[in-house]
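Right, one structure below, let's go through it.
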Number of protein chains: 2
Amino acid sequence: MNTSRGVRHDSMRARNLAVVLGEIRRSGPLTRAALADLTGLTKTTVSKLVSDLLEAGAVVETGVVRDGERGRPGVAVALSGHRVATLGLEINVDYLAACVVDLTRAVRVRRTRPADNRNSRPPTILRELRDLAHRAVAEAEALGLRVTGAALAVPGPVEGGLLRNAPHLGWRDVRVTGLVDLLDLPFEVDNEANLAALGELWFGSGATDFLYVSGEIGIGAGLVVDGALFRGTNGQAGELGHVVVMPDGPGCRCGGRGCLEVYAGQDALLGAVAPLSGRVAALPGAAAGMPAQAASLEGLAGLLEAGDPAARAACEEAGRALGTALTSAVHLLDPGMIVLGGSFGLLFPWLERPVGDVLSARLRQMRRTPPRLVASESGADAAVLGAAGLVIQRVIADPAGVLGL
Amino acid sequence: MNTSRGVRHDSMRARNLAVVLGEIRRSGPLTRAALADLTGLTKTTVSKLVSDLLEAGAVVETGVVRDGERGRPGVAVALSGHRVATLGLEINVDYLAACVVDLTRAVRVRRTRPADNRNSRPPTILRELRDLAHRAVAEAEALGLRVTGAALAVPGPVEGGLLRNAPHLGWRDVRVTGLVDLLDLPFEVDNEANLAALGELWFGSGATDFLYVSGEIGIGAGLVVDGALFRGTNGQAGELGHVVVMPDGPGCRCGGRGCLEVYAGQDALLGAVAPLSGRVAALPGAAAGMPAQAASLEGLAGLLEAGDPAARAACEEAGRALGTALTSAVHLLDPGMIVLGGSFGLLFPWLERPVGDVLSARLRQMRRTPPRLVASESGADAAVLGAAGLVIQRVIADPAGVLGL
DNA sequence: ACTATTAGTCCACAATCTGTACATAATCCT
DNA sequence: AGGATTATGTACAGATTGTGGACTAATAGT
């Protein structure tokens, strides 16, 4: 627990700026009078705070609100997308990505670079990422945006700026904060599953309480409770992939046996239909030249569409394993909803029934209603977007500090 | 998400009172000068705040600090146990309990009343609990204490003042907030496992990051991260008892199969040595006239001490199941430590090895070190104490509101 | 004894929010 | 159409609370 600092005049003002900006963010364009109502501050105070935010370029007046009520109409104030922006970055197994998002969470710049990172050494990739980041920032500046911070998504658990273990990259204990110096920006790093969950929060359906299940090559999850990410004690919560499904099942690369990943990881899913790969290649969805993984996953989807019994059986088994692991997750984490993302989002039509069946059979008596099961609304870029969104959140939570008010 | 209110002068002051009081709580007796350093407030402000807290009876001056440094010695200020207190209550299967705790978290009044609540109807029990509470409050007042709030621990999940489902009491959807009117105090209700976790936090070893496992008749758990309880979306997180250990194992009363409770619940543990109950009764520990459950649990412990192979095998199996469920819990919740409480605390010597073996075998590769496994420091009264402590926390977090400053 | 150093208090001052008053701009009602 | 009503947003004086430097008090070192 950190030392809790007292409130002084300047921090009172800083807090009130954040409250006003946060309320504008949360409840769309609002008049000063409405803001005064919502925040409990007086109209006078709100006026002063809003005029500071206008000057800083954080908000804009969007025009007079004529709502049919009588009385003088107010002037609506909304977040401004013209000045403040943040940078999201991602290192994944087969690509690097960068994006710039403005204060309204509109995506302004997107750059992706395919790369087979399995065969590269960390310094090389970090150099490439830095180039990508610089180009994205330059592009944003050309649009008149000021990039105020950055965050990076990596496919593995992070502890103090150190990527602890990314088995699919073959990296262990790699320091990934070197970008800070060059970009000269506030910088954060976090697990891809965590940031993808935040991507779903801010760029998805609008739900504020859910467990986002990230089905990539490994399986991770990020829990969002009341709009905030739950990280656990060491920031390693949500490792759904190694929840025990069958205590004496087949061995897993984590050293355990019968983990979820053994039954529902991408290798397991694709391996189950491997004998059919000839057929997969012949399907129209499987274009030549694409990375092997993606082609195979699309191939699997194609087989499923075509009603292939082996593919359906593989999905059925993976789905039931996922349902079993999610049962434990629901009991322990108590999520408001379950969102299947990544490859599980793609395969949702074939996973929904087996997963849902297991969940409802096992949870029916304990809970009035088991959490709803839905497919992710955000796509493959959830993690980069979540990274940029995380920094936007920091700006909104402390406009005074970040924008120098 | 609630409307976030702006900060006004009075809430600034309220916050600063809380900051000062919180710092006194956290870092023991402190001089005003030390408080100014820690909070970032000036000596002047701290002096004024402290004098208000002194007047309200929240703190006392404990005397001059002569630390050998040169310069005028300061006067240490510490929490006062003389005026402010709170009430903790508990309904469990075989007893009712009440306790009064002062601001220093010293237990001032303790009352327990054995009762076989399995065979009673809610109104009867609630009436008895109210009597117990009134007697405890009267006793506290005789000590010069002012009881400012109360909390109640119940053996089942709570949603909005409603005890949803307490299978071992046979209660469903019972409203347990009726005590408020009579006591005329702020009042809260929560799950016994959650409050026992808080009991461990405030009355146990002093750790601030752990998963408290409550082995009662059912099995629950409460996660504490950085001194705060994690409750999940509906306050139902930590239901360790129904984490899946073996997907197609024996049926559980929750409607699932192979839940942890099936393998390590009290019924399972005692049932495994049931054929030996004749021997149990003959052991010195099992005095006649005690409630059946307690006698059996002690009996089991007696058999274990005596090296009984069947009892040891039962513990071994339960321990391995617990280890399996805890593996999933560690992956999902990322606790800093695991504390075994309730009957698991009692049986710790025989559980430690099997649980620890499973945990370290399954977690070794994923984590530098698996979370440490320890027995609870607090006893059977963890939940009542946690309830009273919860209200104390409320007072410390908002002295202005509670004490009327 | 004298000096340096630290604790705690006093008082004038500064920062910020509040509350009332007022100009402004709609709708409602006759 | 015109006045009454109602709501928005700003101005100005006032209230609350924290700040900062000066001042007194109490101790250790020289």
Side-chain angles (χ1 to χ4, degrees), chain A residues 4-20 23-24 29-55 59-78 399-400 405, chain B residues 4-21 23-24 27 29-55 59-78 399-400 405:
Chain A
S4 44
R5 309 289 291 179
V7 182
R8 313 162 55 144
H9 287 129
D10 52 352
S11 44
M12 171 164 67
R13 185 170 190 76
R15 184 74 227 286
N16 283 340
L17 281 166
V19 166
V20 167
E23 210 60 45
I24 293 172
L30 289 168
T31 65
R32 292 168 175 78
L35 279 167
D37 265 7
L38 287 168
T39 59
L41 297 165
T42 60
K43 287 186 296 174
T44 307
T45 305
V46 169
S47 268
K48 275 187 288 192
L49 295 170
V50 166
S51 88
D52 281 5
L53 291 171
L54 281 168
E55 205 175 325
V59 299
V60 282
E61 295 190 331
T62 55
V64 171
V65 175
R66 206 172 279 100
D67 57 357
E69 298 285 309
R70 68 180 168 183
R72 171 178 168 180
V75 178
V77 176
L405 286 175
Chain B
S4 44
R5 308 290 291 180
V7 182
R8 310 161 55 143
H9 285 125
D10 52 352
S11 43
M12 170 164 69
R13 186 169 189 76
R15 184 74 227 287
N16 283 341
L17 281 165
V19 166
V20 168
L21 190 57
E23 210 59 46
I24 293 172
S27 310
L30 289 168
T31 65
R32 292 168 176 77
L35 280 167
D37 265 6
L38 287 168
T39 59
L41 296 166
T42 59
K43 288 186 296 174
T44 308
T45 305
V46 169
S47 269
K48 276 189 285 192
L49 294 169
V50 166
S51 88
D52 281 4
L53 290 170
L54 281 167
E55 205 175 324
V59 300
V60 282
E61 295 190 331
T62 55
V64 170
V65 175
R66 206 172 279 100
D67 55 358
E69 298 286 308
R70 67 180 167 182
R72 171 178 167 179
V75 178
V77 175
L405 286 175

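Letters A, B, ... mirror the listed sequences (proteins, then strands); counts begin at 1. Since we're looking at a predicted model, the values are computed, not measured.
Among the protein residues, A:V46 comes within range of no part of the nucleic acid, since none of its heavy atoms lies under 4.0 Å from any strand. When heavy atoms are screened at a 4.0 angstrom cut-off, A:T44 is found touching base atoms of the nucleic acid.
Positionally, the nearest nucleotide of DNA chain C for B:A76 lies more toward the 5' end than for the other of B:A76 and A:N16.
Between the P atom of C:dT16 and the CG atom of A:L49 lies a distance of 10 Å, rounded to the nearest Å. Atom CG in A:L41 sits about 11 Å away from atom P in C:dG19, given to the nearest Å. In this structure, A:K48 atom NZ and C:dC17 atom P are separated by 6 Å, rounded to whole Å. Put simply, NZ on A:K43 is 15 Å from P on C:dT24, counting in whole angstrom units. Atom P of nucleotide C:dA25 and atom CZ of A:R32 are separated by 14 Å, given to the nearest angstrom. Rounded to an integer number of Å, the gap from B:D37 CG to C:dG8 C1' is 14 Å.
For the pair B:R8 and C:dT16, the criterion of a side-chain N or O lying under 4.0 Å from OP1 or OP2 is not met.
Under 4.0 Å is where a charged nitrogen must lie from a carboxylate oxygen, and between B:E61 and B:R32 at least one such pair does.
The shortest distance between side-chain heavy atoms of B:V77 and B:T62 does not fall below 4.5 Å. No side-chain heavy atom of A:P73 sits less than 4.5 Å from a side-chain heavy atom of A:V65.
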Using residues 6-14 of chain B as the side-chain source, report each donor-acceptor pair under 3.5 Å to any protein atom, sequence neighbours left out, with the distance given to one decimal.
from, atom 1, to, atom 2, distance (Å)
B:R8, NH1, A:G40, O, 3.3
B:S11, OG, B:R8, N, 2.7
B:S11, OG, B:R8, O, 3.1
B:R13, NH2, B:D52, OD2, 2.9

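The distance from the CG atom of B:L49 to the CG atom of B:L35 is 9.5 Å, given to the nearest 0.5 Å. Here CD of A:E23 is found 4.5 Å from CG of A:L38. Values are rounded to the nearest 0.5 Å. Note: A:N16 CG to B:R5 CZ = 11.5 Å, rounded to the nearest 0.5 Å. In this structure, NZ in B:K48 is found 11.5 Å from CG in B:L17, a value given to the nearest 0.5 Å.
Counting only N and O atoms by type, the side chains of B:T42 and B:T45 include a donor and acceptor under 3.5 Å apart.
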For nucleotides 26-30 of chain C, list the nitrogen or oxygen atoms of the protein found under 3.5 Å from its nitrogen or oxygen atoms, one pair per line.
from, atom 1, to, atom 2, distance (Å)
C:dA26, N3, A:G71, N, 3.4
C:dC28, O4', A:R70, NH1, 3.0

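Note that the first and last nucleotides of DNA chain D, 5' to 3', having any atom under 4.0 angstrom from a heavy atom of chain B are D:dA15 to D:dG29.
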